[in-house]
Asks: 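Mind having a look at this structure? Questions to follow.
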Amino acid sequence: GAMFGLELYNELVSDLPSAESLGQAFEFSNNQFFQTTRIYDRSGQHLLYEVIDPRAGDRQWLALEKIPVRFQNATIAIEDQTFYQNPGYDVMGILRAFGSNLSRPECVLRPEKCPGHIQGGSTITQQLVKNVIIAPGSAAETSYARKLRESLIAREATERYSKERILEWYLNTNFYGYLAYGVDAAARVYFAKSAAELNLAESALLAAIPQSPGLNPIDAPAAARQRQALVLEAMVDQGYVTTADAVMAI
C-alpha cells in the first residue's frame with residue numbers, strides 16, 4: 001500500500017511545473033517582457049503545461065499595501081478563510097465543498113442559478129496556480145486529479161513565497177467579470193475609481209465575483225447584491241467587521 005502510494009505520488013509530481021515558474025511569471029526586473037514557459041513530458045514531444053503572462057492585457061498593478069485591508073479581508077473571508085494558516089491547500093475546505101456540492105449538484109453545473117451558494121474547495125494559492133499555470137485543454141477541468149496537482153504546486157509555492165506576495169499576485173490577476181482582470185480594473189469598471197478607494201460595501205460586492213464572474217453588478221445586479229450580503233455575513237462570522245458595520249454596508 002505504501003509503495004503504491006509512493007508510486008502514485010511520484011507519477012503525479014514527475015511532470016509538474018515548479019512553483020518557481022509561478023514567481024518567474026511575475027518578475028519585473030530589468031523591464032524584461034515575460035516569455036511564455038512551456039513544460040513538456042520526458043520525450044519533449046507533448047506539451048503538459050504553460051505558464052501564462054499574468055500581466056497580459058490592460059490592467060493597473062497595485063502593490064498589496066495600496067489595496068484596502070477591508071478588500072483583502074473580504075476576499076479571504078469568502079475564498080479561503082484559513083489563507084494565512086494553511087500550507088497552500090485546505091483539506092477541511094475541500095471536504096466542506098465536496099459535501100455541499102453533493103447536496104446541491106445543480107449549483108456546480110449552473111452557479112448562476114444559485115447566487116446564495118458560495119462553496120469552493122480551492123484555496124487562494126490553488127486558484128493562483130490555476131490562473132497562471134495551466135495544462136492545455138484542462139482550463140475548465142474539474143477533476144479531483146487536477147485539484148491534487150494544483151495542491152502540490154500550491155504547497156511548494158507556499159514554502160517558496162510569502163503569503164503577502166501570493167495574495168498580491170492573486171488580487172492582481174483574478175477575473176472579476178465584464179473583461180476586468182485584477183481588482184483595480186474591477187474597481188474602475190464597476191465604480192469608476194481606483195481599488196485603493198474601495199469602501200466596505202464595494203469591497204464585499206467585488207470579492208464575491210470571482211467564484212461566478214457572470215454574477216457581477218452589471219450582468220446580474222440582484223444576484224451580485226445577494227452575494228455581497230453573504231460576503232459581509234462571512235466577514236462578521238470571522239471577526240473582520242461588526243454586525244453594525246455590515247448592516248450599514250448593506
Side-chain angles (χ1 to χ4, degrees), residues 1-26 37-42 46-52 54 72 75-103 105 107-108 111 117-175 207 210-213 234 238:
M3 183 63 68
F4 174 76
L6 182 61
E7 290 176 359
L8 178 61
Y9 177 82
N10 288 337
E11 180 66 25
L12 281 167
V13 303
S14 62
D15 293 315
L16 285 178
S18 167
E20 185 179 4
S21 61
L22 186 67
Q24 290 169 351
F26 294 95
T37 299
R38 295 182 174 87
I39 294 102
Y40 293 86
D41 67 1
R42 294 184 186 90
H46 302 291
L47 180 63
L48 296 172
Y49 292 89
E50 283 186 282
V51 182
I52 61 174
Q72 297 178 39
T75 299
I76 290 169
I78 204 63
E79 293 275 10
D80 182 7
Q81 60 182 290
T82 65
F83 171 68
Y84 279 107
Q85 292 79 41
N86 68 52
Y89 57 88
D90 179 8
V91 174
M92 294 307 298
I94 293 172
L95 293 176
R96 282 195 305 270
F98 182 69
S100 178
N101 292 338
L102 278 181
S103 66
C107 295
V108 179
H117 179 81
I118 298 187
Q119 277 293 329
S122 294
T123 64
I124 282 173
T125 312
Q126 285 173 273
Q127 292 176 67
L128 177 66
V129 167
K130 183 169 62 177
N131 289 347
V132 179
I133 300 177
I134 61 171
S138 69
E141 182 191 348
T142 57
S143 73
Y144 286 95
R146 193 215 67 204
K147 289 278 189 187
L148 181 54
R149 292 195 297 272
E150 287 175 6
S151 298
L152 294 172
I153 303 172
R155 183 185 66 178
E156 184 189 350
T158 301
E159 293 173 352
R160 182 179 290 270
Y161 306 110
S162 71
K163 290 287 188 177
E164 290 76 16
R165 179 172 292 186
I166 288 171
L167 186 60
E168 179 179 314
W169 289 345
Y170 178 69
L171 296 179
N172 279 288
T173 56
N174 227 354
F175 180 50
Q211 288 188 354
S212 295
Q238 295 170 44

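This chain uses plain numbering: 1 for the first residue, then up along the sequence.
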Asks: Only counting residues at least two apart or in another chain, list the ones meeting ring-ring contact (aromatic ring centres under 6.0 Å, His included) with F83.
Replies: none
Asks: About how many Å separate OH of Y89 and CD of Q126, when rounded to the nearest 0.5 Å?
Replies: 9.5 Å
Asks: Mind checking what makes side chain to side chain contact (heavy atoms under 4.5 Å, CB included) contact with Q127, not counting sequence neighbours?
Replies: E79, S122, Y170
Asks: What distance separates T158 OG1 from R165 CZ, expressed to the nearest 0.5 Å?
Replies: 13.0 Å
Asks: Mind checking whether K163 and N86 have side chains closer than 4.5 Å, heavy atoms only?
Replies: yes
Asks: Taking the side chain as every heavy atom from C-beta outward, state whether V132 and W169 have any atom pair closer than 4.5 Å.
Replies: no
Asks: How long is the straight-line distance from CD of Q72 back to CD1 of I124, given to the nearest 0.5 Å?
Replies: 9.5 Å
Asks: If you round to the nearest 0.5 Å, how far is CD of E168 from OG of S162?
Replies: 9.0 Å
Asks: Please round to the nearest 0.5 Å and tell me the distance separating atom CG of L167 and atom CG of N172.
Replies: 9.5 Å
Asks: Identify, with sequence neighbours excluded, every residue that meets side chain to side chain contact (heavy atoms under 4.5 Å, CB included) alongside A234.
Replies: A77, I78, Q238
Asks: To the nearest 0.5 Å, what is the distance between CD on E150 and CG on L128?
Replies: 10.5 Å
Asks: Between A157 and T125, what is the shortest heavy-atom contact and its length?
Replies: CB-CG2, 4.1 Å
